[in-house]
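Okay, so here's the structure we're looking at.
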Protein chains: 2
Amino acid sequence: MLAGMKSPMSYCTDATWVGRSDCQHCDIRGTMLFSELQERELGDLLRPVDNLRLAAKSSLYHEGEVGDAVFTVRKGLVRLVHYAPNGTRRIVRLLKSGSVIGMEVLVNTHYHHCAEAVSDTDLCRIPVEVITQLEGRNPALHTALMRRWQNSLDDADMVITQLSTGSSHARVARFLLLVAIDPHRTECHHLMREDIAALLGLTVETVSRVFAEFKRNGWLVEGADCPRINPQALERVATD
Amino acid sequence: MLAGMKSPMSYCTDATWVGRSDCQHCDIRGTMLFSELQERELGDLLRPVDNLRLAAKSSLYHEGEVGDAVFTVRKGLVRLVHYAPNGTRRIVRLLKSGSVIGMEVLVNTHYHHCAEAVSDTDLCRIPVEVITQLEGRNPALHTALMRRWQNSLDDADMVITQLSTGSSHARVARFLLLVAIDPHRTECHHLMREDIAALLGLTVETVSRVFAEFKRNGWLVEGADCPRINPQALERVATD
DNA sequence: CGTCGCGTTGACGTAGCTCAACCTACGTGG
DNA sequence: CCACGTAGGTTGAGCTACGTCAACGCGACG
C-alpha cells in the first residue's frame, strides 16, 4: 500500500494485503465482531488487524491447515468447502458480509474446511492472540464470540433442514430465498451452478433445469448484475 | 427424592427430577462442561444444577420455546429435531454423553430445536444464570463453552458432509460408524429406522432395505442389546 | 481463430420414493 | 386364557425424480 510498508502476507497464499484495518471507522462496524467494544479499546489493540482482498475463486485457507487467525467478511461471499476422499465436493455453508470465518482455531490448531471466495471479497484478518488478549480484559467480547458461534451453528442447521431436505425444486427455491441480499428478498447473490449444486446436494444439470423452469414461470430473472426473484412464488415452492 | 424436598420441575414437562447434581464426583466429570473448573468453585455455585431423567421418546424442550437453562447429557442419547410446516421431520443432530444441549439460550431467548430422548437419558440442567455468574470470575469456562460450541458445529458439519451426502448405502454405513459407542467401533447405539431415516434424509423403507443388505453381507448383527458392526467393511462402503 | 469455462438441453437408466400388504412382539382388556 | 390393537419392521411392485452421459451453445480471452 505505502512504499516501505511491507505486506506481512507470508501466512496466506491467495489473498492480497490492502492495509491495516481502521475498525473504528469500518463501514459495517455495527455488525462486526468488535462492535460491542469501546472506541479506545479498539484503537489500542487492533493494530495487527489486516485488511485483505480475496479474488473470486481463490482460497483463504485449506482444510487441515494450521492457522492462527480468524477472519470477518466485510464485502462479498465466501464458501466453506469439504472435499471428500472420493472426490465429492460439498459446500458446508456460505458466509455473507458480517460473518466470522475460521473460529475453530480459537479452540483447535487447524481449520476444518477450505474457505474460498465466491465473489471478490474483502476481509479482516484478526490474529488469535488479539482475541485472547482482548478477551482477558473485556467481557463483552465473550458475548460477541458466542453470538458468532451460534450464528455459524444456525447457518449449519439451515443447510441441514432447508438445503439438504426435500425435492430439488424446494431446495433451489429455499436457496434463492436464503442468499437474498436485501430485506425484501428480491435480489440475490450470484453463484455458479456448480456451487449451488454442491450446496444443495444435487447435480449441476438438475440445478440448471430447475432454474430454467423458474425462469419460464417468471419467478426468476438472471440479469447482468444479480438474479432477481419473486419471493412470494418461491416461498410457495419452498414449502413442500 | 428426599421427603420434604420438592422437585422444582415446573419448567419441564416430561423430564423427572432425580436430585441435585454432585458435579465434583460426576462419573463423567472429565468430559463435562465444568471439567476445567477448580473443586471449590464447583461446590459454591453448582447447587442449583439439577439432575434429570428423561424417558425414551419424551422431550426436553420444543422449538421456539423460551428457555433459561442448558443441559449436558450424562447417559443416553438425545436427538435434536426440526419439524417443517409441511410435516417433514428432520433430525439435525444426535447428542451423545458429554454433549451440551440448548446453548442457544446463552445468546438467544428461545430454543432452536426440539430435544427428545432417543433412549432413556440422564441429564444435568444448568441454569443460564449459573453460567453467566461463573463466567464473570472464571476465564477457563469461556474456553470450555467455546469448545462445546465448536463441538456442536463439528457435529452439524458431520451431518452435512457425511450423513446428507452420497448414496443410501454410504450414508447408512457412515451413520453406523458415527454412532459407535466403543473406540473400536464394533457396537453402536440403537435407533429406530424412522430416526435413522430422518437423520439421513431417506425413507424408512430405504433404510430398512440397506440394513437388510448389510445383515445379509454379515457386516451388521442386530442382537437384543445393541447392533454390532464390522467397521472395516462399512468403512469401505462409506467411501463412495 | 481456437480454446476454455460455464451453462443448457435431451435421452436414457436407476436409485430411491410411494403405496400396500404383511409380520412379529407386546400390551391391554374382556 | 384368548382377542384385539398398536408400534415397529420387512418386503414387493411400480413409478418418478434425479443422476448420468453426451452433445451443443456462447461469450471471454489469448
Side-chain angles (χ1 to χ4, degrees), chain A residues 55-58 79 84 86-91 116-120 163-176 189-217 220-227 237 240, chain B residues 55-58 79 84 86-91 116-119 163-176 189-217 220-227 237-238 240:
Chain A
K57 278 168 239 187
S58 53
R79 59 181 183 234
N86 61 31
T88 313
R89 176 172 170 274
R90 180 94 209 221
I91 294 187
E116 303 165 350
V118 171
S119 50
D120 292 344
L163 305 183
S164 307
T165 309
S167 69
S168 60
H169 292 254
R171 293 190 200 188
V172 172
R174 296 191 203 117
F175 160 77
L176 287 167
H189 279 283
H190 175 77
L191 278 85
M192 316 189 333
R193 302 287 184 264
E194 197 180 328
D195 282 346
I196 303 173
L199 180 62
L200 305 185
L202 300 171
T203 58
V204 194
E205 293 92 333
T206 302
V207 172
S208 182
R209 277 184 251 267
V210 175
F211 263 69
E213 196 175 327
F214 285 0
K215 286 198 252 184
R216 275 194 297 275
N217 296 343
L220 168 67
V221 180
E222 288 193 295
D225 45 346
C226 69
V237 182
D240 61 30
Chain B
K57 278 168 239 188
S58 53
R79 59 180 182 234
N86 61 30
T88 312
R89 175 173 170 275
R90 180 96 208 221
I91 295 186
E116 304 165 349
V118 171
S119 50
L163 305 183
S164 306
T165 309
S167 71
S168 60
H169 292 255
R171 293 190 200 188
V172 172
R174 295 190 204 118
F175 160 78
L176 286 168
H189 278 282
H190 176 75
L191 278 85
M192 314 191 333
R193 302 287 185 264
E194 198 181 328
D195 282 346
I196 303 173
L199 180 63
L200 305 186
L202 301 170
T203 58
V204 192
E205 293 93 332
T206 301
V207 173
S208 182
R209 278 184 249 267
V210 176
F211 262 70
E213 197 174 327
F214 285 0
K215 286 198 253 185
R216 274 195 297 276
N217 296 344
L220 168 68
V221 180
E222 289 192 293
D225 44 346
C226 68
V237 182
D240 62 29

Subject >> Length of the CD-C1' vector between A:Glu222 and C:dT8, whole Å >> reply: 12 Å
Original post:
Quick one: does A:Asp120's side chain have a donor or acceptor within less than 3.5 Å of a partner on A:Ala55's backbone?
Top reply: no
**OP:** Check the distance between D:dT10's C1' and B:Met192's CE and give it to me in whole angstrom.
**Re:** 15 Å
**OP:** Report the distance from atom CD1 of A:Ile196 to atom P of C:dC6, rounded to the nearest whole Å.
**Re:** 13 Å
**OP:** Starting at atom CZ of A:Arg171, determine the distance to atom P of D:dA17, rounded to an integer number of angstrom.
**Re:** 14 Å
**OP:** Send over the distance from A:Leu202 CG to C:dG16 C1', rounded to a whole Å.
**Re:** 14 Å
**OP:** Check whether any side-chain heavy atom of B:Ser164 sits under 4.5 Å from a side-chain heavy atom of A:Arg90, and report yes or no.
**Re:** yes
**OP:** Report yes if the side chains of B:Phe211 and B:Leu176 come closer than 4.5 Å at any heavy-atom pair, otherwise no.
**Re:** yes
Subject >> Distance in angstrom units between B:Phe211 CZ and D:dT10 P, rounded >> reply: 8 Å
**OP:** First locate atom CZ of B:Arg171, then atom CD1 of B:Ile196, and finally report the distance between them rounded to the nearest 0.5 Å.
**Re:** 14.0 Å
Original post:
Looking across every strand, which nucleic acid part, if any, lies under 4.0 Å from B:Gly201 by heavy atom: base, sugar-phosphate, or nothing?
Top reply: sugar-phosphate
Subject >> Whole-Å gap separating P (C:dG5) and NE2 (A:His190) >> reply: 16 Å
**OP:** May I ask you to evaluate whether B:Ser208 reaches the phosphate of D:dG9, defined as a side-chain N or O under 4.0 Å from OP1 or OP2?
**Re:** no
**OP:** Report the distance from atom CZ of B:Arg79 to atom NZ of B:Lys57, rounding to the nearest 0.5 Å.
**Re:** 8.5 Å
Any N/O pairs under 3.5 Å between the protein and nucleotides 20-24 of chain D? List them or say none.
{"residue": "D:dT20", "atom": "O4", "partner": "A:Arg209", "partner atom": "NH2", "Å": "2.9"}
{"residue": "D:dC21", "atom": "N4", "partner": "A:Glu205", "partner atom": "OE2", "Å": "3.2"}

Original post:
A:Lys57 has a side chain; which of C:dC6, C:dT8, D:dC18 sits nearest to it?
Top reply: C:dC6
**OP:** Round to the nearest Å and state the distance from A:Leu200 atom CG to D:dA17 atom P.
**Re:** 18 Å
Original post:
Would a 4.5 Å heavy-atom cut-off, applied to side chains only, mark A:Arg174 and A:Leu163 as touching?
Top reply: yes
Original post:
Within the structure, does a side-chain N or O atom of A:Lys215 lie under 4.0 Å from either OP1 or OP2 of C:dG7?
Top reply: no
Original post:
Charged N to carboxylate O below 4.0 Å: is that the case for B:Asp195 and B:Arg89?
Top reply: yes
Got a list of protein N/O to nucleotides 27-30 of chain D N/O distances below 3.5 Å?
none

**OP:** Using a strict 4.0 Å threshold on nitrogen-to-oxygen distance, state whether B:Lys215 and B:Glu222 make a salt bridge.
**Re:** yes
Subject >> Side chains of B:Ser208 and B:Arg193, donor plus acceptor under 3.5 Å >> reply: no
